[in-house]
Amino acid sequence: QPPPATARRRTAPAMAAVHRPHSTTNSMSFSRGKRSPTTATVVHGATHGAGCGFGSVGGVGRPSSTPAVRRASTPRTTRSMEKQPLQYWNQQARNYDDNIFSTIDEDATGVILDVIRCHSSHDDCSSSSRCVDLGCGVGKYLPALSKHFRQVMAYDLSPKLVALALKEVKRKNLENVSVTVRDLAQVWYRSDPSGACFGRLDELESFGFGVMANVLIAPGDVQLHQLMLSNAQRSLCPGGRLLCIVPSLESALYVHQRCEEERSEGPYSLGSGDSRPSRAEAADLIKGVLRRSGVRTKHFLEPEFRLLASKGGFQVESVQRVTYHWRSELGLASDTQVPQSLRESPLPWDWLFLLHKGPLPREGASAPTVAALLPAALRERSESEGRLPTLLRPKKEENGARMTDSQKAFLSTNRPSSVSPL
């Protein structure tokens, strides 16, 4: 049985600083961590303050230009999030707030809260007012969800994280929130005497809105990701929506490139120093797997996740970026520590997909239009301008607009109805 994809980053056992997992808010996610002012960063052979790890506790970090001496640390036993996810996240519960970064709090533009508010509901007679948080961790999303939905159910793999979430619910008096242990990597809503482990059958298709914040990040079997999406899809009522955040491969490569250009240590490691990536790293990169703070993490291309979502029974309603400030991405204590050239660069991001559980396509349904097959940004531009992109428009001739043979062949092709727009 494959291990559940319940983590983002783990702690390296023999580094000068404690690596903070790259998690949003839950044990099925990753985060960017903070750097310690007492640790050292290796920048192409030189040591500078602010730590090679992404996160020791406390204090204002030393500016990156200030030299510091690498301190020895005592090796500590750390569970593997890939092989021992339950033990790993139970271990993270000891100092969760110091170790794990919250995407909903670090969201630079507030797009996450905007999506939640847009689909909020308190209708007593409708499933749209029920929300499910899949992989809640210590419950960073729960106050916002509690405010905007009549009832909220939250699940996480780790009993210790669930205990912390319950304390938070009690402390903030979130009376409409329930938190329970449940493994998203198991098939939900199956016949079971108690129904506690896999979901009661009366919960099937009973939620109008769901959240999966960086859950699908474990490298390996894509079928595991499909299973987790399938559990989310079966939890939602027809017409329900899922706010799904996944790490962006485009952003990861962009961040690594910018850090290399500035000769500054970044969160991603490809090769050692100036050496080329190993064969294993190259093979991982092709699969979208990068080491962030030493931990192998799955990242997605936008069209790649669109395809995965369609296989999970969803339609992509919209795609947005959850952007983070460079200080968060680099694990720095303040913006003043960010190199000036990076401050003016586009911000790093995760993908935010709003997925819609629509009706299954009917047999014999017509093929999608050309506009539906275009990327989202290009499709929106085409619709606003009321025309097709230049490459698909017929050439203008003296006797009127005519289509080339290749354009006629493209537009007349009968595409299967199961094809999803990429």
Original post:
Hey, does E205 have a side-chain heavy atom less than 4.5 Å from the side chain of P238?
Top reply: yes

**OP:** Ignoring hydrogens and angles, tell me if any N or O in the side chain of S310 forms a donor-acceptor pair with the backbone of L307 under 3.5 Å.
**Re:** yes

**OP:** Show your reasoning for whether side-chain hydrogen bond (donor to acceptor under 3.5 Å, both in side chains) applies to S248 and Y254.
**Re:** CA-CA 10 Å; S248 166; Y254 162 69; over 6 Å; no

Original post:
Is a side-chain N or O of S251 found less than 3.5 angstrom from the main chain of W349, in a donor-acceptor match?
Top reply: yes

Original post:
Can you check whether G137's main-chain N or O pairs, donor with acceptor, with D156's side chain at less than 3.5 Å?
Top reply: yes

Original post:
Can you check whether R117's main-chain N or O pairs, donor with acceptor, with S120's side chain at less than 3.5 Å?
Top reply: yes

Subject >> Main-chain N/O of I112 paired to D107 side chain as donor or acceptor, under 3.5 Å >> reply: yes

**OP:** Measure centre to centre between the rings of H299 and F305, then say whether the value is under 6.0 Å.
**Re:** no

Original post:
Within the side chain of H325, is there an N or O that forms a donor-acceptor pair under 3.5 Å with the backbone of S334?
Top reply: no

Subject >> Close side-chain approach of H356 and F314, heavy atoms under 4.5 Å >> reply: no

Subject >> Lys/Arg N to Asp/Glu carboxylate O, K357 vs E317, below 4.0 Å >> reply: no

Original post:
Can K298 be said to sit on top of F300's aromatic six-ring, NZ or CZ under 6.0 Å from centre and within 45° of the ring axis?
Top reply: yes

Subject >> Salt-bridge criterion met for K140 and E168 (N-O under 4.0 Å) >> reply: no

Original post:
Is R182 paired with E203 through a side-chain N to carboxylate O contact shorter than 4.0 Å?
Top reply: yes

Original post:
Counting only N and O atoms by type, is there a donor-acceptor contact under 3.5 Å from the side chain of N231 to the main-chain atoms of L184?
Top reply: yes

Original post:
If we only count heavy atoms from C-beta on, is the L330 to P267 side-chain gap below 4.5 Å?
Top reply: yes

Original post:
How are the rings of H119 and F209 set relative to one another: parallel (under 30°), tilted (30 to 60°) or perpendicular (over 60°)?
Top reply: parallel

Original post:
Does N176 use its side chain to pair, donor to acceptor, with the backbone of R150 at less than 3.5 Å?
Top reply: yes

Original post:
Does any N or O in the side chain of E304 come within less than 3.5 Å of the main-chain N or O of L301, such that one atom is a donor and the other an acceptor?
Top reply: yes

**OP:** Mark yes or no for whether E281, through its side chain, and S278, through its backbone, hold a donor-acceptor pair below 3.5 Å.
**Re:** yes

Original post:
Regarding R234 and the six-membered ring of W188, is the cationic atom NZ or CZ under 6.0 Å from the ring centre and inside 45° of its axis?
Top reply: no

